[in-house]
Number of protein chains: 2
Amino acid sequence: MAKIRSKKNSSKKDVIIEKASRLFLEKGFGAASMRDLAEHVGVEAASLYNHIQSKSEILQAICFKVANDFLSHLDAVQSSPESVLKKLERIIRFHIRMMMDQYEFVYISDHEWRHLPEPYLSNFLNQRRNYRRSLSELVARGIEKGEMKPIEPYVAVLTMLSAISGIESWHRSRKTVSPESLENNMVKYLIDGLKK
Amino acid sequence: MAKIRSKKNSSKKDVIIEKASRLFLEKGFGAASMRDLAEHVGVEAASLYNHIQSKSEILQAICFKVANDFLSHLDAVQSSPESVLKKLERIIRFHIRMMMDQYEFVYISDHEWRHLPEPYLSNFLNQRRNYRRSLSELVARGIEKGEMKPIEPYVAVLTMLSAISGIESWHRSRKTVSPESLENNMVKYLIDGLKK
DNA sequence: CTGCGCCTAACGAACGTTCGTTTTATCTTT
DNA sequence: AAAGATAAAACGAACGTTCGTTAGGCGCAG
C-alpha cells in the first residue's frame with residue numbers, strides 16, 4: 001500500500017481541514033470533538049496531532065483562508081476601471097459564488113470566528129473591519145458620482161453582506177430555487193435597490 | 001397577600017434567563033457553562049436547578065419566546081387591510097426593532113437554535129419554515145397585484161430576513177450610525193428595492 | 001537503520017447534573 | 001408577639017462523562 005496522500009497534491013492536513021469544515025458546519029466548532037473528526041478522517045484522535053498542532057489551528061486555517069480570498073478579490077476589483085455599481089455587482093456575485101462553492105469554509109468563517117484564540121481573533125476582526133470600511137468607501141464614492149441614490153454607506157454594506165451570508169439557510173433548505181436564480185434575484189434586489 | 005417574588009414582578013427564573021442570554025450571546029450556548037452563569041446570577045451552580053430544569057430549558061424558553069413574538073405580530077399584520085408593501089414595511093420594522101430592543105434573545109434564537117434538543121428542534125424549525133412561507137406568499141401576492149416588481153419571493157424574503165439579522169454586527173461595532181438611521185436606511189433599501 | 005505515522009493508554013480539566021444538608025423566609029397556631 | 005411547622009432556596013461535594021492533548025511504543029517505508 002502506498003502512502004495515503006490520498007489524491008494528488010492534497011496533504012493529509014488538507015484532508016483533516018476539509019473534513020473538519022463539514023463537521024464544524026454541522027455541529028459547530030465547540031460541539032465538534034476531535035474524536036468525531038478523527039472518525040471521519042479514518043484515524044484515531046491522537047493521530048491527528050501528527051499533522052496539526054491543535055483544534056483551533058484548524059479554525060485559524062479556515063478563517064484566514066476565507067478572509068484572504070475576499071481581500072484579494074477586493075484588491076483586484078478596486079484596481080479596475082469600471083463604474084462603482086459594476087464593481088459592487090462583481091463583489092456581490094463573488095460573495096454569492098463563494099457561498100456556493102466554498103460554503104463550509106465561508107460559513108465557518110462567518111459564524112465560528114469567536115472561538116479563535118488571541119491574537120488571531122483581533123487580527124481577524126481587524127481584517128474584517130478594514131474590508132467593510134473599504135466597501136463603505138466604495139459605496140460613498142458611488143453616491144458622490146451620482147451613480148447611486150443616497151443611502152448611509154455603512155447600512156448598505158451591512159445589508160448586502162448580511163443578505164449574502166443568509167444563503168446558508170438556502171443551503172440547508174430543500175432548494176426549491178436554483179443557484180443561478182438565487183444569485184440573479186439577489187443581485188437584482190441588492191443592486192437595483194441602489195441604482196438612482 | 002400574593003407571594004412576594006424578588007424585586008418587581010420578575011421571578012428568579014426570569015433573572016436566570018436574562019443573565020443567560022447575555023452569556024450565551026458573548027460565549028455561545030456551548031461554551032457558556034452553568035458555573036459561569038451561576039456566578040453572574042450570584043449563586044452556586046447547583047442552586048440554579050431549584051429554578052430551572054436544565055441548561056437547554058433556558059435555550060428553549062428564549063427561542064420559543066422570540067418565535068412566538070414574531071408569529072403573533074405576523075398574525076396581527078396579516079389581518080389588516082393595508083397594501084402588501086405597507087404590511088412588509090411594518091414587518092421589517094418590527095424585525096429591526098426586535099433586533100434593537102431584544103437583541104440578546106433574537107440573536108440567540110437566530111444562532112443557537114441548533115443546540116435545541118428534540119423534539120423542540122423540529123418544532124422550532126417547523127415554525128420558522130411556516131413563518132417564511134407566509135412571508136413568501138405575501139410577497140407573491142404583492143407581485144400579482146402589481147405593487148412590486150417581479151422577483152423570486154423566496155429570495156426576497158431570505159434577503160430581507162438575513163439583512164436584518166446582520167444588525168447583530170452593528171451591535172458589536174462602535175455604532176457610528178444611530179439606531180434610527182439604521183432602521184430608516186435599511187427599510188429604504190429593502191422596501192424601495194421591491195417597489196415597481 | 002532512521003524516522004514518520006499510527007496505535008493504545010492515559011492525563012488533567014471542565015462539563016451538566018444530582019445528592020444530602022443547611023440556611024432563610026413564610027405561614028400557622030397559640 | 002412567640003413558637004413551631006413548612007416550604008423555598010442556598011450550599012459544598014461528588015457523580016459520571018467528555019473534552020483536548022500528551023506520552024510511549026510498535027511497525028513499516030525509505
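- With sequence neighbours excluded, the residues that form a side-chain contact (heavy atoms from CB on, under 4.5 Å) with B:A38 are B:V43, B:A45, B:L48.
- Between C:dG5 and A:S47, no contact under 4.0 Å exists linking OP1 or OP2 to a side-chain N or O.
- A cation-pi arrangement is absent between B:K19 and B:F24 under the rule of less than 6.0 angstrom and at most 45 degrees off the ring axis.
- Evaluation of the salt bridge (Lys or Arg N to Asp or Glu O under 4.0 Å) rule for A:E26 yields no partner, not counting sequence neighbours.
- Between A:K12 and C:dC6 there is a side-chain N or O to OP1 or OP2 distance below 4.0 Å.
- Closest contact between the side chain of A:Y49 and the listed nucleotides D:dC11, D:dG20, C:dC6 involves D:dG20.
- With rounding to whole Å, B:L59 atom CG is found 13 Å from C:dG16 atom P.
- Heavy-atom distances under 4.0 Å link DNA chain D to B:R35, B:V43, B:E44 of residues 16-44 of chain B, given in residue order.
- Not counting sequence neighbours, the partners of B:R90 by the salt bridge (Lys or Arg N to Asp or Glu O under 4.0 Å) test are B:E82.
- Listed by chain and number, the residues in a side-chain hydrogen bond (donor to acceptor under 3.5 Å, both in side chains) with B:Y103 amount to none (sequence neighbours excluded).
- Listed by chain and number, the residues in a salt bridge (Lys or Arg N to Asp or Glu O under 4.0 Å) with A:E183 are A:R93, A:R97 (sequence neighbours excluded).
- Qualifying salt bridge (Lys or Arg N to Asp or Glu O under 4.0 Å) partners for A:K149, counting only residues two or more places apart in sequence or in other chains: none.
- Residues from residues 50-57 of chain A with heavy atoms under 4.0 angstrom of DNA chain D, sorted by number: A:S54, A:K55.
- Counting only residues at least two apart or on different chains, the salt bridge (Lys or Arg N to Asp or Glu O under 4.0 Å) pairs with a member in residues 128-137 of chain B are B:D110-B:R128.
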